[in-house]
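Just so you know, these numbers use all the heavy atoms, side chains as well, and skip hydrogens, waters and symmetry mates. Numbers restart at 1 for each chain; the letters A, B, ... are given by sequence-line order, proteins then strands.
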2 protein chains.
Amino acid sequence: MEDYEAKFRAYLDANRYRMTPERLAILEEVFQAKGHFTADDFLIHTRQHHPKVSRATIYRTLDLLVQSGLVDKVELGGNRAFYEYFHGRQHHDHLICLGCGSVIEFTEPEIEALQESVCRSFNFRMQSHSHKIFGRCDRCQHDSEPPPSWSPGHE
Amino acid sequence: MEDYEAKFRAYLDANRYRMTPERLAILEEVFQAKGHFTADDFLIHTRQHHPKVSRATIYRTLDLLVQSGLVDKVELGGNRAFYEYFHGRQHHDHLICLGCGSVIEFTEPEIEALQESVCRSFNFRMQSHSHKIFGRCDRCQHDSEPPPSWSPGHE
DNA sequence: ATTAATGCAAATTGTTTGCACGGTC
DNA sequence: GACCGTGCAAACAATTTGCATTAAT
């Protein structure tokens, strides 16, 4: 049994929620996915192995996963939310390419430290933060075309 | 004539768009507003002086203002967008209180500098960025209640 | 047996669009 | 007079919810 599965079961137990085949299937899907995906991506993928799972269950389960701390919900711009597994990884922020939609993760401890000092100066208690940089990645640097049908994919 | 009005007229002219009473009214509303407001806030306020303005026109005009660079559209979390006038002000980022919805602006040149160095290291060309810190402000620090009906209001 | 979870479809919410009419250049 | 902008209502898209049914405990 994978570590994340144990954690999820522990979270469910602690809250008197139940483990179901649907939840397990979605959990596997999420931890298999590399990158940032939408609820719909997970719906499609999960249905390959569990054909009748509903969109509602996807949303409900992703919420649970976020609450349990296993998954991170990220708003990368646009209207839809993206999800990525978080368990076992360090915190990171995102560079988002407006050309191809690719997402690069970065970590910068000095920025984190400065953030904390900003919070201190306002006596603000930070709970979470989101730092996104939009622009053009290496590959898309010379494509002058504006963003096509935009949607951050894998990576 | 205010500076921002001149700028807006210049932008409209340059793009063969027309100045209308509605656009002028919304422009005034936006530059009078202190803080971060939703499209609906502007609809309500604008209607006080211009009763039949439509929601569609608010959205269309806010878009124009954003394109002209006079106004900043910010996603502070949740589903709706917030707008604040930008003209004549320096770039800033946001601390967002999950207790009362208040928004504190901050500027931290060192963070900006570090951002640029992160971009350089990925050969990423930054176009814009969004840095939000969520937590509890000074006043809400000891209220343990979870966020009620959440909506960042005035400053 | 109890009570939570599911699938479905309908409801919600913020925003966008098509279109006929009115106003600006 | 050409054609852009408006209001209105319908259209949209992502997400949420009500409910009767099914399943985990």
Which residue lies more 5' along DNA chain D, comparing Arg16(B) with Thr57(B) via nearest heavy atoms: Arg16(B)
Note: for Ala81(B) and Tyr17(B) on DNA chain C, the residue whose nearest nucleotide lies more 5' is Ala81(B)
Hey, is the side chain of Thr20(B) poking within less than 4.0 Å of OP1 or OP2 on dT6(D), counting only N and O atoms? yes
Please evaluate the base of dC3(D) for a donor-acceptor partner in the side chain of Arg18(B) within a cut-off of under 3.5 Å? yes
Where is the tightest heavy-atom contact between Tyr17(A) and Arg23(A), given as atom of each residue plus distance? CB-NH1, 3.9 Å
Nearest whole Å is fine: how far is dT3(C) C1' from Met19(A) CE? 18 Å
Which word best sums up how the rings of Tyr11(A) and Phe8(A) line up, parallel for under 30°, tilted for 30 to 60°, or perpendicular for over 60°? parallel
To the nearest Å, how far apart are Arg80(B) CZ and dT16(C) P? 15 Å
No-H, no-angle donor-acceptor pair, Arg60(B) side chain to dT6(D) base, under 3.5 Å: no
Minimum-distance pair of heavy atoms, taken over all atoms of Arg9(A) and Leu24(A): NH2-CD2, 4.2 Å
In whole Å, what is the span from the CG atom of Asn15(A) to the C1' atom of dA24(D)? 16 Å
Could you check how far NZ of Lys52(A) sits from P of dG7(C), rounded to whole Å? 6 Å
In whole Å, I'd like the distance from the CD1 atom of Ile26(A) to the C1' atom of dT6(C). 11 Å
Length of the line joining Arg23(B):CZ and dC4(D):C1', which is rounded to integer Å: 8 Å
Do any pairs count as a salt bridge (Lys or Arg N to Asp or Glu O under 4.0 Å) and have a residue in residues 114-129 of chain A, sequence neighbours left out, and if so which ones? none
Distance test, side-chain N/O of Arg55(A) to OP1/OP2 of dT16(D), below 4.0 Å: no
What integer distance in Å separates Leu12(B):CG from dT6(D):C1'? 15 Å
Please find out if less than 6.0 Å separates the ring center of His91(A) from that of His129(A). yes
Between Leu64(A) and Asp40(B), which has a closest nucleotide on DNA chain C that is more 5'? Leu64(A)
In whole angstrom, what separates Leu43(A)'s CG from dA13(D)'s P? 16 Å
With a cut-off of less than 4.0 Å, is there a side-chain N or O of Tyr59(A) near OP1 or OP2 of dT16(D)? no
